[in-house]
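Some notes on the structure that comes next.
All values below were derived from every heavy atom in this structure, side-chain atoms included, with hydrogens, water molecules and symmetry-related copies excluded. Numbered from 1 within each chain, the chains take letters A, B, ... in sequence-line order.
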There are 2 protein chains.
Amino acid sequence: MVDVAREAGVALRTVSRVVNGDATVGDELAARIRTAIDRLGYRPDVRARQLRSGRTGTIGAAVRHIADAHPVLRAVDETAREAGLTVVAMSTEDDPEREREAVMSMCGRRMDGIVIEPIADGHQYLQPEIDNGLAVVAFDRPATGVEVDTVLSDNRGGIRQAFAHLAAQGHRRIGYIGDDERIYTGHERAAAFRHCLREAGLPVEGRVHPGPIDDRRIGAALESLRRGPEGVTALVTGNFSTTVAVIRALGPDFGSLALVGFDDFGLADLLRPGLTVVAQGEREIGRTAIELFRARLAEPARPVRTVIVTTSLIVRGSGEIAP
Amino acid sequence: MVDVAREAGVALRTVSRVVNGDATVGDELAARIRTAIDRLGYRPDVRARQLRSGRTGTIGAAVRHIADAHPVLRAVDETAREAGLTVVAMSTEDDPEREREAVMSMCGRRMDGIVIEPIADGHQYLQPEIDNGLAVVAFDRPATGVEVDTVLSDNRGGIRQAFAHLAAQGHRRIGYIGDDERIYTGHERAAAFRHCLREAGLPVEGRVHPGPIDDRRIGAALESLRRGPEGVTALVTGNFSTTVAVIRALGPDFGSLALVGFDDFGLADLLRPGLTVVAQGEREIGRTAIELFRARLAEPARPVRTVIVTTSLIVRGSGEIAP
DNA sequence: TTGAAAGCGCTAACAC
DNA sequence: GTGTTAGCGCTTTCAA
């Protein structure tokens, strides 16, 4: 920048004005400065600018995998962009330590705030940063140990939709396989399913199989659900990975029992039969996250809010197989 | 940092030493400083540090969509991480303007370099940055108008594999539907397919359908390929999106002609029949990109290299249907 | 082993 | 309209 100023024969501040589009610079000077900028290949240093001016206009997104399909992240990115914010994403790989690293790295870059898909069990470490003015929005799962704005899916409602859909077709022996109950969504969904069974006056025993996402574990759960004369005629799977593992385990039997999966995905309609799913409102979740974020930035002291986004049932065939 | 120094009753430089793990600080002082850091919730400002010290240890990745599944990005992230580099990803949305914005933003952050999946037609704008010491590695498609290290798939070899596989089973009427030829990979693959036809002494006319990824366009191409007594018995699709569009257009006819798709994907084995594909070596591409990157950083003047990564055929059923 | 001063590239605040 | 000065938070250089 000094070089540009010298080249154009003006003061530093004037170059700064031109770079920032300040109108109060004479046309002739401005042109001369722009020429100098081009000739020298000058590029303003964002870091120095931020250092001096305070705000960064940047929001960090700490998500499971930046390299996986992530509709919420997509909506976050788009919405933030429309609001003139830059989104920088980092992976947590579902590892509490990496989550912390990512968040700390974002704090070190003095981002205006972060949007986080929490993993770790205690997020107390966020408290000092929040006190320091960091805006934090959690989505998909709540953060623990701190109070932050949160966007969640209606997990219980979604399970209810799936169950009611199958029950309405006359299924009475319905099973559930899903994620580990130590994970928030895994717990919510398994608990909601148990609740549905009880409410319908059906036995719970042996019908609900939460646990780690592992082909062997899921194969065994499926086996146990289908075995014997009381074997299930319908199945609800608790998330995308479980759904895929179950379809794989079913092999040619896919289509012989009714199946509704939690989470929609791009190729669900190409399966035979097409997969009936409970879809989360991912775009809405992302949009809401950015809304809460901006509201917090505008008014740091406002009370913390939690928004629940509804799910919807998408009928494609696999859930409409008779008992 | 000033506050920490005051709190601990030492000079600024001493705090800096502790923060950076410099051993030349007395144990007692170091402990006192660490206490002060914790009490004040002090977090070093990465930007200020970089501003003063030069190197950033950060690499920018400009890819199509950060929110889509992207195996190359995943490999880039992992490999860079192992090398102690931080990866920050931004979306280009396949839009030349956004590509430029992303790259400029990365330059403004003074990243050590960028890994880019080029879209724009002219990348001349990168030249001044490269002259300035920016390390650039292109992957998937070559950059135009500048000489940079590049990692590409063996597009022609991949098409050859698909064609040979189908021909070996006795198919003689084989068609191709793929991406627009204005896109590098679209051109390479369509050209390679034409070459295969000619080499086998088969007619080219009407058998090769490159064009935009659009359900109507692809449906029409498929229709025209299958029509009449000379309708094709086998098909090669030029990339993931085309493959999906073709399977959708085929509907219940999927499985009635042989199909080999370019690009593997997670659920290819769940289709009926399973989808036979030409898989790109995406992990290898990502790893190689970071290798080239580090080599360039270490020796800025080294000659530019282009690495071609081979593809492999994965047999799952759809490509093994008799003529 | 520790400290003081200078300065990375930029903008805010105030002169002129 | 334009220039001057100070300082963002840190590390580097050099002196003690």
Side-chain angles (χ1 to χ4, degrees), chain A residues 1-34 36-37 40-58 86 104-112 128-129 132-134, chain B residues 1-34 36-37 40-58 86 104-112 128-129 132-134:
Chain A
M1 185 151 167
V2 191
D3 299 338
V4 174
R6 190 174 26 230
E7 176 89 8
V10 298
L12 238 115
R13 180 71 186 97
T14 312
V15 178
S16 171
R17 281 201 178 94
V18 170
V19 169
N20 290 289
D22 189 327
T24 69
V25 178
D27 289 353
E28 194 242 334
L29 258 196
R32 212 162 72 208
I33 290 170
R34 262 188 277 274
I37 287 177
L40 273 59
Y42 164 77
R43 229 14 75 242
D45 189 320
V46 178
R47 301 164 305 172
R49 173 181 300 180
Q50 288 180 3
L51 195 56
R52 184 65 247 250
S53 67
R55 269 288 151 81
T56 65
T58 305
T86 302
M104 284 312 162
S105 156
M106 288 167 178
C107 292
R109 273 149 227 266
R110 299 294 187 270
M111 305 204 161
D112 290 350
E129 316 298 342
N132 234 324
L134 185 76
Chain B
M1 186 150 167
V2 190
D3 300 336
V4 174
R6 191 172 26 232
E7 175 89 8
V10 297
L12 238 106
R13 179 68 187 98
T14 314
V15 178
S16 171
R17 282 202 179 92
V18 170
V19 169
N20 290 291
D22 189 325
T24 70
V25 178
D27 289 353
E28 194 242 336
L29 258 196
R32 212 161 75 210
I33 291 170
R34 262 189 278 273
I37 287 177
L40 272 59
Y42 164 75
R43 216 57 35 251
D45 188 320
V46 178
R47 302 165 304 174
R49 172 180 299 181
Q50 288 180 2
L51 194 55
R52 187 63 246 253
S53 66
R55 269 288 151 79
T56 66
T58 303
T86 302
M104 283 313 162
S105 156
M106 288 166 179
C107 292
R109 274 150 227 265
R110 299 294 187 270
M111 304 203 163
D112 291 350
E129 316 297 341
N132 236 322
L134 186 76

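- Regarding contacts with the backbone of C/dG3, a side-chain N or O of B/T14 is found under 4.0 angstrom from either OP1 or OP2.
- Atom CG of B/L51 and atom P of C/dA6 are 18 Å apart (whole Å).
- For the residue pair B/V19 and B/P44, the shortest heavy atom distance occurs at CG1-CG, 3.9 Å.
- One atom, CD of B/Q50, and another, C1' of D/dC10, lie 11 Å apart when rounded to the nearest Å.
- Counting to the nearest Å, the C1' atom of C/dG7 and the CG atom of A/D45 are 14 Å from each other.
- Put simply, CG on A/N20 is 16 Å from P on D/dT2, counting in whole angstrom units.
- In this structure, A/R52 does not reach the C/dA12 phosphate: none of its side-chain N or O atoms is under 4.0 Å from OP1 or OP2.
- In this structure a side-chain-to-backbone donor-acceptor pair under 3.5 Å is missing from A/N20 to A/D22.
- One side chain, A/S16 or A/R13, offers a donor N or O that lies under 3.5 Å from an acceptor on the other.
- Of all nucleotides listed (C/dC10, D/dT4, D/dT12), D/dT12 comes nearest to the side chain of B/S53.
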Contacts table for residues 1-10 of chain B: side-chain donor-acceptor under 3.5 angstrom, sequence neighbours left out:
unit_1 : atom_1 : unit_2 : atom_2 : d
B/D3   : OD1    : B/R6   : NH2    : 2.9
B/E7   : OE2    : B/R39  : NE     : 2.8
B/E7   : OE2    : B/R39  : NH2    : 2.5

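- Among the protein residues, B/A48 comes within range of the nucleic acid bases, having at least one heavy atom under 4.0 Å from a base atom.
- For B/S16 and D/dT11, the shortest distance from a side-chain N or O to OP1 or OP2 is below 4.0 Å.
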For nucleotides 13-16 of chain D, print each protein N/O atom paired with a nucleotide N/O atom at under 3.5 Å, atom names and distance only.
none

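- Taken from CZ in B/R43 to SG in A/C107, the straight-line distance is 6.5 Å, to the nearest 0.5 Å.
- One atom, CG of A/L12, and another, C1' of C/dC10, lie 8 Å apart when rounded to the nearest Å.
- Between the C1' atom of D/dG7 and the CZ atom of B/R47 lies a distance of 14 Å, rounded to the nearest Å.
- Distance CZ/A/R34 to CG/A/L29: 11.0 Å, rounded to 0.5 Å.
- B/D45 is linked by a salt bridge (charged side-chain N to carboxylate O under 4.0 Å, His left out) to A/R110, B/R47, counting only residues two or more places apart in sequence or in another chain.
- Mapping B/V10 and A/R43 onto DNA chain C via the closest heavy atom, the residue that lands nearer the 5' end is B/V10.
- At whole-Å resolution of the value, CZ in B/R49 and P in D/dT12 are 10 Å apart.
- Side-chain atoms of A/L134 and A/N132, non-hydrogen and from C-beta on, never get closer than 4.5 Å to each other.
- Judged as a salt bridge (charged side-chain N to carboxylate O under 4.0 Å, His left out), and not counting sequence neighbours, B/R109 has no contacts.
- The structure places CZ of A/R32 at 12.5 Å from CG of A/D27, a figure rounded to the nearest 0.5 Å.
- Residues from residues 24-32 of chain A that place a heavy atom under 4.0 Å from any atom of DNA chain D, listed by number: A/T24, A/V25, A/G26, A/L29.
- The CZ-C1' distance, from A/R6 to C/dG9, rounds to 14 Å in whole Å.
- Comparing the helix axis at one end of the helix from C/dT1-D/dA16 to C/dC16-D/dG1 with that at the other, each defined from 5 consecutive pairs, gives an inter-axis angle of 30° (nearest 10°).
- For the atom pair CZ (B/R49) and CG (A/L51), the distance works out to 13.0 Å, reported to the nearest 0.5 Å.
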